[in-house]
Amino acid sequence: MLTINYLKENPAEVIERLKVKNFDASKLVQQVLDIDQERRQNQQELDSILAESNALSKEIGIMFKNGKAAEANEAKAKTGELKEKSRLLTQRSNEIDSEIWKLLVEIPNVPHSSVPAGKGEKENVEIKSAGTIPQLHKDALPHWDLAKKYDIIDFELGNKLTGAGFPVYKGKGAKLQRALINFFLDKAEEAGYTEVQPPILVNEYSGFGTGQLPDKEGQMYHCTLDNFYLVPTAEVPVTNIFRDVILNAKELPVQYTAYTPCFRREAGSYGKDVRGLNRLHQFDKVEIVNVAHPDRSYEVLDSMVAYVESLIKALGLPYRILKLCGGDTSFTAALTYDFEVYSAAQEKWLEVSSVSNFESYQANRLKLRFKDDNEKKTQLAHTLNGSALALPRIVAALLENNQTEDGIRVPEVLAKYLKFELID
RNA sequence: GGAGAAAUGGCAGAGUGGUCGAAUGCGGCGGUCUUGAAAACCGUUGUCCUUCACGGGACCGGGGGUUCGAAUCCCUCUUUCUCCGCCA
């Protein structure tokens with residue numbers, strides 16, 4: 001969430017820039033400012049009451065020590081009124097805090113000044129397009145048919161075990177998954193990321209920290225008995241490693257990578273785009289997470305974009321990079337680049353990565369701060385993350401684009417992870 | 001799952017109702033000394049809210065309570081450790 005101080009200092013700017021996200025913040029911002037005014041006044045009153053009562057208690061203690069019990073008991077009588085006052089002020093203070101909190105979580109992150117206005121996908125700006133779209137032979141098949149033909153992914157079986165959107169990878173299909181995960185993790189390590197294996201169930205504090213809760217509750221699978229959520233992305237557990245943490249400025253940027261399965265309910269998204277691997281309830285993904293100094297977070301974002309691009313290039317897939325418009329940029333992000341690869345048999349661009357700078361929006365929820373050795377104050381850090389990469393659509397594109405009459409060629413970079421060059 | 005013990009500052013570890021935000025040691029930072037380093041010595045060393053500032057307030061695992069006053073007493077939750085049971 002945005003900090004109150006930021007809202008207080010730049011109310012007009014916040015309102016103006018949120019229009020790019022098609023969000024009218026004017027009312028919310030005003031409400032926050034009004035309540036904050038009250039909060040401060042309330043706090044001051046409470047503090048002075050407490051100061052008075054602290055002083056009185058101290059005096060009473062000294063009186064008892066000096067054997068002046070009668071005086072002490074007299075003084076005690078005076079405390080009743082102070083207690084009642086402080087009780088009321090404390091109660092009001094709690095109410096105010098929760099009111100402010102409710103308002104703040106409803107205000108989206110302010111988009112970066114370079115984010116174009118726009119309502120949806122169509123207004124996203126293509127900033128780069130590269131690679132060659134392959135000419136497929138005339139009997140070329142979409143990946144779901146290839147999966148069946150070579151018996152590498154079984155959608156019906158997953159349907160039997162769990163339900164739609166939970167495929168079973170078999171034989172060379174399973175090995176391809178494993179190879180991709182290892183390839184992505186090894187590359188991330190080379191790029192300076194530390195590998196972590198986080199839990200894939202998280203508590204509600206973690207869900208809140210990265211912004212999935214409270215508003216996107218319905219996107220996650222919820223284990224109600226223990227109140228845990230299945231992670232929709234490794235971003236959640238990995239970023240929450242830094243919840244309530246104060247880093248030393250020298251440690252920045254911190255770079256973590258993790259492979260996890262990801263679980264998404266995808267409620268309400270049935271229909272045309274969900275065939276085969278295009279949209280699943282469970283999928284594998286390697287994520288990269290950065291915690292950066294505010295002054296350098298956009299450099300870090302650029303480096304992440306370059307890194308993700310290098311992965312897609314290495315796999316030999318045609319791709320394009322989009323800068324998302326305001327309407328498509330998520331609630332919590334300030335700036336997002338999407339990567340899409342071209343899946344030649346479906347003749348479709350598939351989103352395989354989303355790289356975002358959240359600036360201090362998540363950090364404020366997480367209380368993730370850093371401190372310079374020679375500075376007294378702590379400062380909120382910036383958080384960034386990106387898929388590097390999500391497997392299913394990469395697999396879909398690889399299968400479709402690399403199909404030949406003899407079988408499906410496997411990218412050369414995976415050679416050291418696989419004992420075969422052809423899926424046949 | 002059952003029984004018991006514990007949770008204090010970066011770490012270790014005092015503190016069982018009153019000037020305790022908290023002794024002491026280690027570590028960190030600054031300094032003296034040194035050609036440099038070590039040792040020794042001196043100083044400093046948590047977070048948050050509020051205030052232009054002085055100052056004030058909150059925090060000793062989380063929440064609640066008792067009391068004029070709580071790190072200290074009570075309730076509750078969480079976590080850790082030990083023992084038993086179960087188990088990959």
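Throughout, a chain's letter reflects where its sequence line sits, starting with A, and its residues are numbered from 1.
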So ring-ring contact (aromatic ring centres under 6.0 Å, His included) across residues 12-41 of chain A, not counting sequence neighbours, yields none

Separation of B:U45 P from A:Ile246 CD1 (nearest whole Å): 16 Å

Can you give each donor-acceptor pair under 3.5 Å made by side-chain atoms of residues 416-424 of chain A, sequence neighbours left out, with the distance rounded to 0.1 Å?
from: A:Tyr417; atom 1: OH; to: A:Asp186; atom 2: OD2; distance (Å): 2.5
from: A:Asp424; atom 1: OD1; to: A:Lys172; atom 2: NZ; distance (Å): 3.4

Letter per nucleotide, 5' to 3', of nucleotides 56-70 of chain B [B base touched, S only sugar-phosphate touched, - untouched; heavy atoms, 4.0 Å]: BSS---------BS-

d(CZ, A:Phe228; C1', B:U78) in whole Å: 11 Å

Specify the separation, in whole Å, of atom CG of A:Leu366 and atom P of B:U47. 19 Å

A:Lys102 vs A:Glu99, test: salt bridge (charged side-chain N to carboxylate O under 4.0 Å, His left out). Steps then yes/no. CA-CA 5 Å; A:Lys102 273 187 205 142; A:Glu99 281 170 40; over 6 Å; no

Is there a donor-acceptor pair closer than 3.5 Å between any side-chain N or O of A:Ser93 and the backbone N or O of A:Leu89? no

All N/O donor-acceptor pairs, side-chain side in residues 146-153 of chain A, below 3.5 Å, sequence neighbours left out:
from: A:Asp151; atom 1: OD1; to: A:Lys170; atom 2: NZ; distance (Å): 3.0
from: A:Asp151; atom 1: OD2; to: A:Lys170; atom 2: NZ; distance (Å): 3.4

Round to the nearest Å and state the distance from A:Phe370 atom CZ to B:U47 atom P. 14 Å

Say we look at B:G62 and B:C54: how far apart would their C1' atoms be, to the nearest angstrom? 35 Å

Could you go through residues 237-250 of chain A and list every donor-acceptor pair under 3.5 Å that involves a side-chain atom there, pairing it with any protein atom two or more places apart or in another chain?
from: A:Thr239; atom 1: OG1; to: A:Glu235; atom 2: O; distance (Å): 2.6
from: A:Asn240; atom 1: OD1; to: A:Arg243; atom 2: NE; distance (Å): 2.8
from: A:Asn240; atom 1: ND2; to: A:Ser206; atom 2: O; distance (Å): 2.8
from: A:Asn240; atom 1: ND2; to: A:Val236; atom 2: O; distance (Å): 2.8
from: A:Arg243; atom 1: NH2; to: A:Ser206; atom 2: OG; distance (Å): 2.9
from: A:Asn248; atom 1: OD1; to: A:Lys250; atom 2: N; distance (Å): 2.9
from: A:Asn248; atom 1: ND2; to: A:Asp373; atom 2: OD1; distance (Å): 3.1
from: A:Lys250; atom 1: NZ; to: A:Asp373; atom 2: OD2; distance (Å): 2.9

Can you tell me how far P of B:U50 sits from CD1 of A:Ile96, to the nearest Å? 13 Å

Sequence neighbours excluded, every pair satisfying ring-ring contact (aromatic ring centres under 6.0 Å, His included) that has a member inside residues 28-71 of chain A: none

Got a sec, which residues hit ring-ring contact (aromatic ring centres under 6.0 Å, His included) with A:Phe166, two or more places apart in sequence or on another chain? A:His281

To the nearest angstrom, the CG-C1' distance between A:Asn5 and B:U50 comes to 11 Å

Could you go over nucleotides 51-55 of chain B and give all protein N or O partners under 3.5 Å, atom names and distances?
from: B:U51; atom 1: OP1; to: A:Arg40; atom 2: NH1; distance (Å): 3.4

ring-ring contact (aromatic ring centres under 6.0 Å, His included) pairs touching residues 359-383 of chain A, sequence neighbours excluded, are A:His293-A:Phe370

Taking atom P of B:G28 as reference, at what distance in whole Å does atom CG of A:Asn248 sit? 14 Å

Reading RNA chain B from 5' onward, which residue's closest nucleotide shows up sooner: A:Arg369 or A:Ile62? A:Ile62

